[in-house]
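Below, all heavy atoms of this structure are taken into account, side chains as well, without hydrogens, waters or symmetry copies. Starting from 1, each residue takes its place in the sequence as its number.
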Amino acid sequence: MPDHAEAVPATALQVALLPVLRDNYLFVLHDGRRAVLVDPAVAEPASAWLKQRHLELVAVLHTHHHSDHIGGTPALLREWPRAEVVAARDDRERIPFQTRGVADGDHFTLLGQPVEVLAVPGHTRAHIAFHLPLQGELFCGDTLFAAGCGRLFEGTPEQMHRSLQRLAALPETTRVWCAHEYTEANLRWAAAQRPGDGAIAERLAAVRLTRAQDGPTIPSSIGEERRTNLFVRAADPGELAELRRSKNDWVN
């Protein structure tokens with residue numbers, strides 16, 4: 001449970017990735033006894049995973065309000081009614097079951113690890129990310145994808161460009177836990193835009209091998225996104241907007 005009094009543990013939290021729905025991932029952080037879920041789209045797979053390992057759910061983190069990120073939380077709360085739900089204070093109307101509303105720059109402690117809240121609007125107006133600086137983890141929902149970014153449903157190119165640049169400024173070893181398995185499609189599009197880019201071609205080849213074996217391409221890293229993500233590399237909001245239009249129209 002988030003608690004300012006906890007000390008940073010000697011050992012890092014474990015992070016597990018659970019594929020759900022068609023291409024979603026939900027994430028579990030745990031210390032062997034207690035667990036935190038990030039963006040549980042559905043309840044049953046998460047509940048079964050926790051029970052098999054005898055883990056107590058103490059908190060749920062939400063990056064934004066879309067149903068494929070919050071849909072499982074009400075059912076999980078029926079099983080673990082004492083679990084906190086941490087979400088954007090500005091999205092209380094759309095995430096009404098949140099118990100701790102947070103905003104940009106807030107800090108709290110989670111299972112002994114400090115967490116920083118980053119406002120990263122663009123995909124939605126109140127989208128946030130959770131950064132664990134000591135462990136080097138970033139849970140960024142649908143703002144930053146591996147080799148991509150989210151569609152601009154409620155935000156502007158200016159907001160998305162600013163959000164991506166903010167995330168790209170994190171240490172390059174930071175692991176990027178984005179919420180969808182879009183990496184191969186994103187890289188195929190990127191390779192079509194930049195056919196002479198060796199870094200993109202090399203990453204696409206590696207991702208194709210991983211996906212051929214049904215493996216996840218998540219987590220990525222901030223360093224990898226700086227090198228191969230065209231949206232992160234965009235010089236300004238205008239370039240990002242053009243790239244986003246291209247990707248929206250691209251036939252996968």
With distance as the sole criterion, is a donor-acceptor pair present between the side chains of [X] and [Y] under 3.5 Å?
X	Y	result
Thr174	Glu137	no
Asn229	Arg233	no
Thr124	His66	no
Glu172	Ser221	no
Arg203	Ser220	yes

Side-chain contact, heavy-atom cut-off 4.5 Å: Val176 with Phe145? no

Arg162 side chain reached by Val120 side chain, heavy atoms, under 4.5 Å: no

Could you tell me which non-hydrogen atom of Thr183 sits nearest to which non-hydrogen atom of Ala146, and how far apart they are? OG1-CB, 3.3 Å

Exercise: identify the closest heavy-atom pair between Ala46 and Leu37: CB-CD1, 3.8 Å

When His69, His64, Glu154 are each screened for side chain to side chain donor-acceptor pair (under 3.5 Å) with His127, the one that passes is His64

Salt bridge or not for Glu79 and Lys51, using N-O below 4.0 Å? yes

Please list, chain by chain and in numerical order, all residues satisfying salt bridge (Lys or Arg N to Asp or Glu O under 4.0 Å) with Arg53, sequence neighbours excluded. none

Check for me whether the distance between the ring centres of Phe27 and Trp49 falls short of 6.0 Å. no

Residues two or more places apart in sequence or in another chain: which of them pass ring-ring contact (aromatic ring centres under 6.0 Å, His included) with Trp80? none

